[in-house]
Amino acid sequence: MDEIALLRALPPEAEEPDAAARADALRALEGRFEATAPAPSAQSFRHRRGALAAFLAGAAALAAIGAAILPAGPGPRAELAAAEVLKRAAVVAEASSAVPMRPPGPGQFFYLGAKLVELQGWLPDGPGTGPRDHPRYFTAHIPGQPGARVALVPASKQFWISRDGDAHTRETLGRIEFLSAEDQELWEDAGSPPPFSFDPSEHSVERDASGRPVKEFDSSQAAGVFLDKGVFADLSDLPTEARALRLAVEYPEGGVPTVPSQAAPRPVSRNPNALERLTTILIAPTASPALRAAAFNALAEIPGIELEPGVPDVAGRRGDAIAWEVEPGSGFRHELIFDPRTSKVLADAQVLAGAKAADEEGVPVGTVFRETAFLRSGIVDSLDETARR
Amino acid sequence: MGQPLPDSAAIAASIDDPAEFAAVFHRHFDVVHGYIRKRVGSSLADELASQTFLVAFDRRGSFDQSWASARPWVLGIATNLIHGKRRQERRQLRAYGRAGAEIGFDPLEGTEARADAERLRPQLAAVLAALPKDELDPLLLYAWAELGYAEIAEALAVPVGTVKSRLSRARRRIREQLRLQGPTEEQRQIATLEVDHG
């Protein structure tokens, strides 16, 4: 027996790893998949000002040489550009072979993996609220409070939703992003307090294999993302012709004007509820390709929607965004980022795009206020499974 | 369902679609877990095996696409993680030195050989515990993870010649400490062939 044979005889025969250990390791890895940006982006998701400036500069240059198709900045030409891009997305959507998702069967779950980021306020010099022994440095929002700072708090969220709407949720905290090195130093000097929702003194928070705070919980009703808008909504009754669809979402309670849909006038103003319903249709997994195409075409007719090409989402993917001011004068801009090659919605975001909102939050114009990137979804057979796409 | 992608293709695809990396996990997790368990014991194996694949995923951009299999690469990552658990590894080796000989022997080995192995077990464990890591790593990747020389070189990011010399030095130390006979001329020739084609 030589030394190698002796060595091979030293440890016990290899056993199969425990199935639970393998499943835990796989889930930790899948959590990392969700949290991963595909490639470093020259332009951060968290600040859109770069995209807006590049867009304006490029458009100005094109305008100077007489380019007629591309927009020349926010305004009517940006709206025309958005309409063109939306119509092209409608063609892509209609050609899709995707099958609308059906609600999960008994024992099955609808899985959704998403990455979210939210601008949160915090107080470096002391607790904002909360019990004396567990001071809360972070709160959801501290507008205008003296000394308050803000940070972008990212989290990966995974949802497993049963057919009756009960949800199992797993949330993993990402790396908090500060708007300046000084803010980060203040946070570290304060003892690196966790965001409120991951504070172990207030919530049941564990650590995953890579040390990131994670929490898992069941809730009787799925909330957040688009889930509260009816993830399993039956959309089969909605018309798949663009103007008819627009009228249907503008008048959800009925009372649609009895004019032929082709003759329905273009809207003269934006109806916030209609916009919300159309974007929900584009995100909903139950929407058919024809309905999604109609939603894109309906959006193309609504005034005040502008194009922002090449916008990165919080997961690092790049797509075209259509954007509109949430309410006139609010300073908040709603963005829907989609992949023009597939028409798939990548992310839904709100950005501080006006001085009013920025002044109130104490942060630069262009900062993301809240964003949800949709990563993977599908029907799975157990809580150990995640969807591949 | 299509054929799973080979490692190099799965890792390349995972740059844009992270989920493709799951193929690497499914293909190598058990081997990596088994190797770690042998080195540091069961209690740490779950954690380190999980970390190995997280680190591999984070570093997937640096994977050498000319290698079809990712096994040496992930075992190299596991080896680096084990370095942070040297104390536990020594404890595990001491445990092997104390353990009975019933487990792990080839039933085809003769009674005398089994008795030798049993007798040498504590000394062997002590020699391993004292080996420098640059000799221990190639030795255990060879003996416990069953990698060839070129694969060990890939795992440890050193030239093949360095692997051969370190392995040779480690084996010689064991033979000297355990007062084993050196290889016969025939064994030496076979070893030379293995080295040349390993």
Side-chain angles (χ1 to χ4, degrees), chain A residues 1-40 111 113 115 156 172 175 207-212 315-318 339 341-342 373 375-378 384-389, chain B residues 14-19 21-22 25-26 29-31 33-35 37-39 42 45-47 49-55 57-58 61 92-93 96-97 99 101 103-106 109-110 113-114 116-117 120-121 124-125 128 139-140 142-144 146 170-172 174-175 178 180-181 183 187:
Chain A
M1 188 176 255
D2 74 359
E3 65 276 8
I4 295 298
L6 282 173
L7 261 176
R8 288 184 173 146
L10 194 61
E13 281 298 314
E15 304 157 359
E16 290 280 308
D18 181 61
R22 190 193 282 114
D24 284 349
L26 182 58
R27 287 180 75 168
L29 187 62
E30 288 173 338
R32 186 66 59 92
F33 296 165
E34 309 279 356
T36 298
Y111 172 82
K115 184 167 183 181
S156 293
T172 308
R175 191 167 57 83
R207 296 268 171 180
D208 71 5
S210 55
R212 295 177 307 169
R317 302 167 301 178
R318 197 172 283 270
D339 183 342
R341 297 166 304 174
T342 62
L375 301 179
R376 289 189 286 159
S377 62
D384 291 327
E385 272 186 69
T386 58
R388 277 188 56 78
R389 297 289 172 191
Chain B
S14 73
I15 301 296
D16 287 329
D17 184 356
F21 197 82
F25 175 91
H26 291 302
F29 182 79
D30 288 4
V31 168
H33 188 279
Y35 168 70
R37 188 182 56 77
K38 285 175 182 173
R39 289 195 63 166
S42 301
D46 294 350
E47 176 194 336
S50 177
Q51 277 183 21
T52 296
F53 285 90
L54 293 172
V55 171
F57 175 72
D58 288 346
Q92 184 63 34
L93 287 169
Y96 288 150
I103 325 164
F105 287 106
D106 184 341
E109 292 283 356
R114 290 168 63 97
D116 274 354
L120 294 171
R121 174 181 282 273
L124 177 58
L128 290 179
L139 181 69
L140 297 186
Y142 181 81
W144 287 355
E146 305 197 344
R171 294 180 69 166
R172 192 173 62 243
I174 295 174
R175 283 199 302 273
L178 269 59
L180 295 176
Q181 286 185 337
Q187 285 170 331

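- Scanning all heavy atoms of the two residues, the minimum distance from A:Ala28 to B:Ser50 falls at CB-OG, 4.0 Å.
- Under the rule for a side chain to side chain contact (heavy atoms under 4.5 Å, CB included), A:Asp24 has no partner lying at least two apart in sequence or in another chain.
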### Task
Determine, step by step, whether A:Leu6 and B:Ile174 satisfy the side-chain contact (heavy atoms from CB on, under 4.5 Å) criterion, reporting the C-alpha distance in whole Å, the side-chain angles of both residues, the deciding distance to 0.1 Å, and the verdict.
CA-CA 10 Å; A:Leu6 282 173; B:Ile174 295 174; 5.8 Å; no
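- Note: B:Phe53 CZ to A:Leu29 CG = 8.5 Å, rounded to the nearest 0.5 Å.
- Residues A:Pro12 and B:Tyr96 share a closest heavy-atom pair of CD-CE2, 3.5 Å.
- Both the backbone and the side chain of B:Phe21 come within contact range of chain A, judged by heavy atoms closer than 4.5 Å.
- Remark: B:Ser14 engages B:Arg60 in a side-chain hydrogen bond (donor to acceptor under 3.5 Å, both in side chains) (not counting sequence neighbours).
- Contact of B:Ala49 with chain A is not made at all, since no heavy-atom distance falls under 4.5 Å.
- Between the OH atom in B:Tyr142 and the CG atom in A:Leu7 there is a gap of 11.0 Å [rounded to 0.5 Å].
- Considering CD of A:Glu30 and CZ of B:Phe57, their distance stands at 11.0 Å, rounded to 0.5 Å.
- Looking only at heavy-atom pairs under 4.5 Å with chain B, the residue among A:Ala25, A:Pro17, A:Ala20 that has the most is A:Pro17.
- Atom CZ of residue A:Arg8 and atom NZ of residue B:Lys38 lie 9.0 Å apart, to the nearest 0.5 angstrom.
- Classification of A:Arg22 and B:Asp30 as a salt-bridged pair holds, one side-chain N sitting under 4.0 Å from a carboxylate O.
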### Message
Using the rule given for side-chain contact (heavy atoms from CB on, under 4.5 Å), can you reason through B:His26 versus A:Leu26, listing the C-alpha separation, both sets of side-chain angles and the distance that settles it, and then say yes or no?
### Response
CA-CA 9 Å; B:His26 291 302; A:Leu26 182 58; 3.7 Å; yes
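- Contact detail for A:Ala21 and B:Phe29: the closest heavy-atom pair is O-CZ, 4.4 Å.
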